[in-house]
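A short write-up of the structure that comes next.
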Amino acid sequence: MIEEKFDAIVVGAGMSGNAAALTMAKRGMKVLQLERGEYAGSKNVQGAILYADMLEKLIPDFRDDAPLERHLVEQRFWLMDDRSHFGVHYRSEDFNEERPNRYTIIRAQFDKWLSSKVREAGATVLCETTVTELARDAHGKVIGVHTDRCDGEIHADVVVLAEGVNGLLGTRARLRERPKPDKVALAVKEMHFLPRETIEAHFNLKGDEGVVVEAAGTISRGMTGMGFIYANKECISIGIGCIVADFQRTGETPYGLLDCFKRHPSVAPLIEGSEVKEYSAHLIPEGGYKAIPQLYGDGWVVVGDAAQLNNAIHREGSNLAMTSGRIAAEAIVQVKSRSHPMTAANLSVYKKMLDDSFVIKDLKKHKDMPMLMHTNSQNLFLTYPQLVSRAMQNYVRVDGTPKAEKEKGTLKSFVNARSWTGLFGDAFRIARAWR
Amino acid sequence: MNVETSVRVEDKLFYNRYLVDVGRPHIKVRAHTKPSPQLLALLKVCPARCYELNDKGQVEVTVDGCIECGTCRVIGEPTGDIEWSYPRGGYGVLFKFG
Ligand SMILES: Cc1cc2nc3c(=O)[nH]c(=O)nc-3n(C[C@H](O)[C@H](O)[C@H](O)COP(=O)(O)OP(=O)(O)OC[C@H]3O[C@@H](n4cnc5c(N)ncnc54)[C@H](O)[C@@H]3O)c2cc1C
Ligand code: SF4
């Protein structure tokens, strides 16, 4: 039994929990952070791209010692059918800058490093401890937690729920609903090791330059989903994720999809000769703005993936997690500095601050996108990629067919597959959801 | 075309490190005679293939290879088909890279 009372307990040592614990500890608060993994990061899975700006707000000189892999100089988007891909690549020398904007990272290693900063700032970090339940008083106010490490309750003025996408504690305490199968994606991922020079040759890189490939199309077999390939220093992260309800409906297996993706003729040469060292899986919140639950209450706030703060369209999650963790911590520090109690009314300042940040603004901008992608998955992920592939092949193959006839053929294939109203409807709906 | 059968999930799990909490599985399947559609879906969707049919046609779970993604919870908990928790602190999968 831990007798001490804390100013704040943070559940989870992922991106959001570490940001919250660090911010509060730096401001002199007495913080206890609980993590179920052997060390911070040992349960966490990400692609992973790190966005520098959000980390700079926490640790301005992070580049000095953070375990960064490669800074990104190139982004590739691929629209794939079974034998081809149509790519849009953007590469710029501007990204070889002194303070690069995006890096690949390896989450287990990165989280360990970030956790060391949390400890340095003075927080007590207890790993190998699963929080099993929230402790509440007679009025329902959250007053602490129960863990599987020690008997009894550990008390704090406020509990920061940074427990990730599954959000078991919040669901059990009826603070929010369990994620629904159509609002989360399941991603599976492997780590493929190759010598540095081989990776640089395969991806056309030099030094610490990095590249990411994001791929959609027939690889997800008509489900809403994406494949990804991220170049690290000495390994390649490769994975694919689709909406859970789609897996349930189709009976596709996640590892089956991943293996097909790996064997695709555009992908196989990139990982050829590699040694696999890990296979992982994780959920990703995909519900967007409309899936955001209640964010605060008497004695608690929720941050990061547990609050479904994930921008599925731009593949951003960690930066929203870090930012929501930091903002929640700043709100708590504000309430405490006024010597006010941690009531729902006082903690509502967290939501106000979050509403004013890019986190909520971006999610709001794309609020209709998740539904659109989901209800249109057959067209967007199966029909269009095949049409585009045929159109491109028709365009580049020189076979004596007059150009006008070729173009007519391409147009006809689109109209046959989707009809004029279908085509205009799809374009209109995407444009409107993007706006 | 059935490519899936060629993928051996057991081989993939072999790359991972685990600390198995022997005798304390963190997921349980409710006793049943005929599995619900949700339970049957878990046979395919679980990325570690923890769910299998026994010879009586019932769905069983073996959590040793579980990678703790939570997919089966999202599908099987609402219907009461499964009970899902995290392993005790420190147990379960230990990602080196993640
Ligand atoms: C395959 C994949 C690729 C991704 N790629 C990107 C990307 O490139 N860029 C990006 O920005 N985002 C990406 N994301 C999203 C990003 O990983 C998440 O948004 C981010 O990790 C959320 O951080 P978090 O702190 O909210 O949750 P998590 O990082 O999941 O942390 C939750 C922590 O809480 C702990 N925990 C949970 N319950 C308990 C409990 N009861 N007791 C004790 N501890 C507990 C867990 O062990 C974990 O350490 C990706 C996600 C996936 C799955
Ligand atoms: S949590 Fe994920 S890996 Fe574990 S049994 Fe459920 S679906 Fe399978």
Side-chain angles (χ1 to χ4, degrees), chain A residues 34-39 41-46 48 106-111 126-130 132 147-149 164-166 168 178-181 184 186-191 232 235 237 244-245 247-256 258-260 263 276-283, chain B residues 1-19 21 24 26 36-51 65-79 82-98:
Chain A
L34 301 166
E35 164 59 46
R36 64 188 191 89
E38 182 190 31
Y39 53 85
S42 68
K43 298 288 185 185
N44 301 340
V45 178
Q46 194 184 324
I106 294 175
R107 263 304 286 277
Q109 295 166 4
F110 181 86
D111 287 11
L126 218 55
C127 290
E128 302 192 304
T129 308
T130 302
T132 50
T147 71
D148 64 354
R149 178 72 97 83
V165 56
N166 282 307
L168 208 53
R178 180 191 305 107
K180 297 208 167 51
V184 281
L186 165 65
V188 286
K189 178 189 155 186
E190 285 176 357
M191 285 301 242
N232 303 310
C235 61
S237 307
V244 168
F247 275 119
Q248 199 179 347
R249 177 174 53 80
T250 58
E252 296 285 354
T253 66
Y255 37 86
L258 179 57
D259 269 58
C260 269
R263 279 204 306 268
V276 184
K277 291 203 182 166
E278 196 166 83
Y279 170 65
S280 59
H282 206 276
L283 293 180
Chain B
M1 183 181 76
N2 194 350
V3 282
E4 268 76 313
T5 45
S6 68
V7 183
R8 283 181 41 96
V9 182
E10 304 74 36
D11 294 346
K12 289 185 189 287
L13 301 178
F14 194 68
Y15 307 130
N16 297 347
R17 282 167 64 221
Y18 294 94
L19 187 61
D21 199 358
R24 297 179 75 150
H26 59 280
S36 67
Q38 285 77 13
L39 266 183
L40 288 173
L42 302 184
L43 300 172
K44 293 235 165 146
V45 74
C46 168
R49 222 162 75 193
C50 295
Y51 291 86
C66 172
I67 30 188
E68 299 167 30
C69 63
T71 306
C72 58
R73 168 185 175 236
V74 170
I75 296 174
E77 207 185 52
T79 51
I82 66 165
E83 262 177 59
W84 194 93
S85 313
Y86 288 119
R88 275 195 298 162
Y91 288 94
V93 71
L94 304 163
F95 291 127
K96 267 181 294 183
F97 308 107

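We name chains A, B, ... by the order of the sequence lines, and we start the count at 1 in each one.
Heavy atoms of A/Asn166 lying under 4.5 Å from chain B belong to its backbone as well as its side chain. With a 4.5 Å cut-off on non-hydrogen atoms, B/Pro37 does not touch chain A at all. In this structure, chain B has heavy atoms under 4.5 Å from both the backbone and the side chain of A/Ser280. With a 4.5 Å cut-off on non-hydrogen atoms, A/Val184 touches chain B through its side chain but not through its backbone. Residue B/Tyr91 touches chain A through its backbone alone, counting heavy-atom pairs closer than 4.5 Å. In this structure, chain B has a heavy atom under 4.5 Å from the backbone of A/Lys180, while its side chain stays farther away. For B/Val45, the parts sitting under 4.5 Å from any heavy atom of chain A are the backbone and the side chain alike.
A salt bridge links B/Lys12 and A/Asp259; the closest N-O separation between the charged side-chain nitrogens and carboxylate oxygens is under 4.0 Å. A salt bridge does not link B/Lys96 with A/Glu278: every distance from a Lys NZ or Arg NE/NH1/NH2 to an Asp or Glu carboxylate oxygen is 4.0 Å or more.
The closest side-chain heavy-atom distance from A/Tyr255 to B/Arg49 is below 4.5 Å. At least one side-chain heavy atom of B/Asn16 sits less than 4.5 Å from a side-chain heavy atom of A/Tyr279.
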Determine, stepwise, if the pair B/Arg73 / A/Leu168 fulfils side chain to side chain contact (heavy atoms under 4.5 Å, CB included).
CA-CA 10 Å; B/Arg73 168 185 175 236; A/Leu168 208 53; 3.3 Å; yes
